[in-house]
Structure formats: C-alpha cells, structure tokens
Amino acid sequence: MIQNKLAPSILNCDFSKLGEEVGAVTRGGADWVHLDVMDGHFVPNLTIGPVIVEAVKQHTSLLTDCHLMVKEPEKMVPWFAKAGAGSITVHQEAATEIMSLLKLIKSLGCRVGVSINPDTSVDVLDGILADVDLILLMSVYPGFGGQKFIPHSLEKARLLRTKCNAMGLETDIQMDGGISLHNARDVLDAGVNVIVVGSAIFKSPDVMQATSAFKALLA
Ligand code: DX5
Ligand code: ZN
C-alpha cells in the first residue's frame with residue numbers, strides 16, 4: 001500500500017527562526033522535511049549546506065529529504081549523509097555514472113532518489129526504476145520557490161506510475177514546485193504520493209495550520 005506524504009520545503013521559510021518553522025510543520029503533521037540544496041552551477045541559486053541538515057534535525061525527528069540540485073553530486077552526497085540526511089535525491093541530468101551514484105547513496109544508509117527536470121522524459125528512468133526508492137518529478141524549472149506549476153507534469157506522473165505498476169514497484173513518486181491547495185488533488189490523482197510544498201506553507205500566515213490543511217488533503 002503506497003502512502004501519501006507531505007514534504008514541506010524550507011526553501012522559503014524564515015531562516016531567522018528555522019527551529020520554530022520546522023517545529024510548526026512537524027506539529028502540523030508533515031511527514032518529511034524537504035531541503036533544496038543548490039550550488040549556483042546546476043541551478044542559478046545558492047542555498048542549503050549540510051550544516052542546515054544538522055540544524056533541522058535538532059528541531060524534528062522527521063526524515064530529512066535532501067534534494068541535491070548540484071553538479072558533481074558524487075562529491076556532496078557523503079557530506080549530506082554524514083549530516084544525517086534520511087533521503088538523498090540527485091538529478092539524472094547532473095549524474096555521469098548514475099548507477100554508481102545510486103549505490104553510493106545506498107551504501108551510506110540513505111534512501112535513494114532521482115529527480116528529473118520538466119524537459120526530461122520519464123523514459124530516461126527506465127533502467128534505474130528498480131534501484132531507487134523515490135523519483136522526484138520537477139513541476140517547475142529548479143532554482144526558486146514560488147513559481148507556477150507546469151501542467152504537463154501531471155502526464156509525466158501518470159506515465160511513471162503506470163511504468164512502476166507494470167514492474168510491480170511501489171516507488172515513491174514525488175512532485176516538487178508550484179503545488180497549492182488548488183492543484184494538490186490533481187497531483188495526487190495523477191499517481192504522485194509525495195508532495196513537496198514550499199511557499200504555499202511557509203508564506204502563509206500560519207505555517208502549522210497550512211501544513212494541517214495539506215495533510216488533510218492527503219488522507
Ligand atoms: C525548486 C525547489 C522546490 C521549491 C518548492 O527548485 O526544488 O522545492 O522550493 O517551492 P514552491 O512550492 O514555492 O514552488
Ligand atoms: Zn526540491
């Protein structure tokens with residue numbers, strides 16, 4: 001049985017009170033905490049390093065879901081594993097030796113994820129589906145929170161869930177970018193079971209209440 005999960009992304013939280021923000025999503029019923037790691041090369045923005053994973057872990061026992069939007073991910077994967085990442089997702093577009101990268105993540109005791117950008121076809125994942133715990137489909141171009149959801153992402157999710165079902169795999173299918181209370185139902189209906197929500201939670205006046213509202217939708 002595939003469970004629905006809510007993974008608030010702290011990218012747009014108030015970093016001056018990170019602990020309180022993480023506490024609020026935890027109390028609101030979040031399942032994972034999503035951390036957007038950007039290196040200023042793979043994407044035109046620079047964000048979170050391993051010290052933030054350590055800081056988040058001081059305020060929650062939820063799984064830290066690290067989304068690495070970086071070049072040469074093999075260099076950084078061990079840093080995030082050491083910081084306590086529960087799950088590490090790398091971009092297919094950034095990987096040169098994808099299988100060895102996935103093995104590295106697994107060998108470090110983390111859940112294994114692979115992400116693809118909006119313009120990358122789900123077919124590129126055919127050879128690795130059996131080797132991952134999670135596929136992250138980007139529903140915006142990675143780099144910034146608060147962007148508009150790309151509708152074509154729903155079709156990709158449907159195709160990917162069909163492929164997983166055909167292989168007998170209960171892979172987590174995660175979607176990230178532009179998800180709000182207005183489109184979350186469509187996202188779930190397309191076969192996604194893990195939604196990443198950034199600004200719709202952290203830019204709302206009551207972070208805990210906003211988290212609970214998404215959580216209710218997932219039930
Ligand atoms: C974009 C990030 C997303 C983003 C989600 O590169 O991977 O996690 O922060 O934020 P919203 O929900 O605001 O699109
Ligand atoms: Zn993300």
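In each ligand, atom 1 is the first atom listed, and ligand 1 is the first ligand listed.
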Find all atoms of ligand 1 within a distance of less than 4.0 Å from any non-hydrogen atom belonging to [X], and give their numbers and elements.
| X | value |
| --- | --- |
| His67 | 7 (O) |
| Met38 | 6 (O) |
| Gly146 | 11 (P), 13 (O), 14 (O) |
| His34 | 8 (O) |
| Gly145 | 9 (O), 10 (O), 13 (O) |
| Val196 | 8 (O) |

Can you see whether [X] engages [Y] through a side-chain donor-acceptor pair at a distance of less than 3.5 angstrom?
| X | Y | result |
| --- | --- | --- |
| Thr26 | Thr60 | yes |
| Asp36 | Thr47 | no |
| Thr120 | Gln92 | no |

So that I can tick it off, tell me whether [Y] and [X] are bridged by a salt bridge, with the cut-off set at under 4.0 angstrom between side-chain N and carboxylate O.
| X | Y | answer |
| --- | --- | --- |
| Asp31 | Lys215 | yes |
| Arg111 | Asp65 | no |
| Lys163 | Asp126 | yes |

Top protein contact for [atom], by heavy-atom distance:
| atom | answer |
| --- | --- |
| atom 1 (C) of ligand 1 | Phe144 O, 3.7 Å |
| atom 14 (O) of ligand 1 | Gly178 N, 2.8 Å |
| atom 12 (O) of ligand 1 | Gly198 N, 2.8 Å |
| atom 9 (O) of ligand 1 | Leu11 CD2, 3.0 Å |
| atom 6 (O) of ligand 1 | Gly143 N, 2.8 Å |
| atom 13 (O) of ligand 1 | Ser199 OG, 2.4 Å |

**OP:** Pick whichever of Asp176, Thr89, Ile179 has a heavy atom sitting closest to atom 3 (C) of ligand 1.
**Re:**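 The nearest heavy atom belongs to Asp176.
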Original post:
Taking Asn4 for the side chain and Leu218 for the main chain, is one N or O donor matched with an acceptor at less than 3.5 Å?
Top reply: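 Checked: pair present.
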**OP:** Mind reading off the angle at the Zn ion (ligand 2) between the ND1 atom of His67 and the NE2 atom of His34, rounded to 10°?
**Re:**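 Rounding to the nearest 10 degrees gives 100°.
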Subject >> Value rounded to 0.5 Å, distance of CD1 in Ile10 from NE2 in His34 >> reply: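 Rounded to the nearest 0.5 Å, the CD1-NE2 separation comes to 9.5 Å.
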**OP:** Could you pull out the atom name of the N/O/S atom in Asp176 that is nearest the Zn ion (ligand 2)?
**Re:**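 Asp176's closest N, O or S atom to the Zn ion (ligand 2) is named OD2.
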Subject >> Atom name, Asp36 (N, O or S, nearest to the Zn ion (ligand 2)) >> reply: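 Going through the N, O and S atoms of Asp36 one by one, OD1 ends up nearest to the Zn ion (ligand 2).
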**OP:** Between Ser9 and ligand 1, find which residue part has any heavy-atom pair under 4.0 Å and reply side chain, backbone, both or neither.
**Re:**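 For Ser9, the contact with ligand 1 is made by the side chain alone.
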Original post:
Given side chains that start at C-beta, do those of Ile52 and Leu18 come closer than 4.5 Å, heavy atoms only?
Top reply: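 Yes, side chains in contact.
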**OP:** Dump the intermediate steps for salt bridge (Lys or Arg N to Asp or Glu O under 4.0 Å) on Asp131 and Lys103, then the final yes or no.
**Re:** CA-CA 9 Å; Asp131 299 287; Lys103 279 190 190 135; over 6 Å; no
Original post:
So is Met69 in contact with ligand 1, going by heavy-atom distances below 4.0 Å?
Top reply: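 True for this residue.
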Original post:
Quick check: does Asp36 get an N/O under 3.5 Å from an N/O on ligand 1?
Top reply: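 So ligand 1 has an N or O lying under 3.5 Å from an N or O of Asp36.
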Subject >> Met138 N/O under 3.5 Å from ligand 1 N/O >> reply: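 The answer is no, given that Met138 and ligand 1 share no N or O pair closer than 3.5 Å.
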**OP:** Name the orientation class of the two ring planes belonging to His91 and His67 (parallel below 30°, tilted from 30 to 60°, perpendicular beyond 60°).
**Re:**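 If you compare the ring of His91 with that of His67, the planes turn out parallel.
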**OP:** Please name the pair of heavy atoms, one in Gly178 and one in Val140, separated by the smallest distance, quoted to 0.1 Å.
**Re:**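 Nearest heavy atoms, Gly178 then Val140: N-CG1, 3.9 Å.
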